Amino acid sequence: MNKKYLPSALILYLNYFIHGVGCSILGQAVIKEALATAWGVEAMAITAISAALGLGRLIALPFAGPLSDKLGRRISTAIGSASYAIYLVGLALAFNAGTNGGYTIAYVCAIVGGIANSFLDTGIYPAVSEIIYKAPGVATMGIKFFIAIAQMMLPFVLGATVATTAAGLTSYNRLFFGCGIIYLVLFVLVFLFPLPDADQKAAGKKEGLIDSLKHTHFSLESIAMILIGFTCTGTFQLWLNCAQNFAKENVGWADPSIMQTYYSAGTLIALVVTALLTRKIKDVRFIVIYPVICLATLIVVLMGQSQTLMIAGAFIIGWAGAGGLLQIATSVCNMLFPKIKGTVTALVMIASSLCNYTILTAASKMQPSQVMTMNIVLTAVGVVLGLYVNIRYKKMVALAEAEN
């Protein structure tokens with residue numbers, strides 16, 4: 001890696017450090033309660049705001065990638081940073097609006113946040129791979145590492161930023177405004193430091209998502225891989241956004257926010273251990289092993305209902321559900337379908353975003369125990385899909401080699 005890009009890489013990773021806060025705050029029980037009180041809604045209704053992040057990603061993903069290739073990583077990252085600032089500052093303004101449209105304002109801002117996430121993904125993922133070109137896998141895993149670090153610190157940050165308004169309401173506006181301001185600083189910094197330019201002339205004009213789909217033949221295996229993007233996302237997103245509510249209402253745990261730290265610790269350790277295990281175990285095996293572990297964990301948590309099991313569940317789901325499973329699924333897709341890497345990757349991410357929107361929207365209208373049951377069913381579907389892909393793996397590899 002060229003040393004002149006070191007500051008640039010740090011700026012890019014810091015975007016995801018703050019994103020680790022932004023994508024997790026609405027899943028915290030204490031923030032849900034604070035916002036629900038201000039807006040006069042049920043705490044679980046806040047989950048629909050989290051679902052709007054997925055809607056924003058669905059809106060932006062089809063064109064965010066082509067724009068990143070055409071306009072460059074800097075512009076895409078800048079759009080993502082600025083949009084994320086709007087989302088976070090918007091949450092604070094929505095809280096202040098109270099019952100006078102606060103919930104609606106937050107929903108719209110969350111859609112902008114989802115759009116921001118799409119532009120950060122399509123700008124920063126290729127950018128860090130271009131900077132750390134000798135180890136692109138390590139570069140992209142670094143993104144997940146920064147997200148997990150932020151999520152682990154979040155419960156402690158919540159305690160430092162909580163305040164009480166003149167009306168006696170609990171407020172986390174300091175956190176919202178603070179993260180929004182940091183994103184504005186990162187927006188400026190991304191223009192001040194160099195980024196390696198993709199060689200567009202050598203690569204030629206790249207197809208957009210729609211054009212790529214016209215030339216793609218979908219087998220049952222490719223459809224199964226895309227659906228795994230949906231199921232594995234559902235496993236960790238339902239836990240991340242609803243498990244603390246389950247701990248409060250079903251286990252009787254007054255303040256379960258520490259679960260976030262155990263969840264993030266599991267993710268961090270998984271990133272290191274899984275990377276080492278992939279040297280001896282084929283990536284495709286994790287697509288069935290990790291969902292099986294998650295399924296067993298969810299069933300035990302639902303049946304046992306204790307603080308100890310909630311803590312253990314948070315760590316295990318953080319490991320097996322959020323510790324790179326989506327990235328592994330995407331990597332397997334790219335390996336099995338080398339001629340349509342961009343298309344398959346985009347489709348897996350769209351499936352992931354579709355899950356964020358549909359599943360979290362449904363969860364917002366359910367009781368926490370019902371959400372846990374839905375997560376068990378969804379994860380079980382993921383296990384079946386993973387088994388199918390593993391059974392067909394040798395034939396899939398043979399077909400991929402024959403086509404190349």
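Excluded from the calculations below are hydrogen atoms, water molecules and symmetry mates; all remaining heavy atoms, backbone and side chain alike, are included. Keep in mind the model is a prediction, meaning the values are calculated, not measured.
Listed for the Ser76 side chain is no donor-acceptor partner under 3.5 Å among the backbone atoms of Gly72. Side-chain atoms of Lys248 come within 3.5 Å of backbone atoms of Ala254 as a donor-acceptor pair (strictly under, hydrogens ignored).
The side-chain tip of Lys144 does not point at the ring of Tyr125 from less than 6.0 angstrom away and within 45° of straight on.
For the residue pair Asn241 and Thr47, no side-chain donor N or O sits within less than 3.5 Å of a side-chain acceptor on the partner. Between Ser171 and Thr165, the side chains place no donor N or O within less than 3.5 Å of an acceptor N or O (distance only, hydrogens not considered).
Other residues, nucleotides and ligands contribute only 12 or fewer heavy atoms inside 6.0 Å of the OH atom of Tyr262.
Here Phe146 and Tyr16 keep their ring centres 6.0 angstrom or further from each other.
Put simply, CH2 on Trp253 and CZ on Phe246 are 12.5 Å apart, with the number rounded to the nearest 0.5 Å. Here the CE atom belonging to Met152 is positioned 10.0 Å from the CD atom belonging to Gln260, to the nearest 0.5 angstrom.
Scanning both residues, Asn250 and Gln305, for their nearest heavy atoms gives O-OE1, 3.3 Å. Heavy-atom minimum distance, Phe119 versus Ala60: CE1-CB, 4.4 Å.
Every residue two or more places apart in sequence or in another chain that forms a side chain to side chain donor-acceptor pair (under 3.5 Å) with Ser352 is listed here: Thr233.
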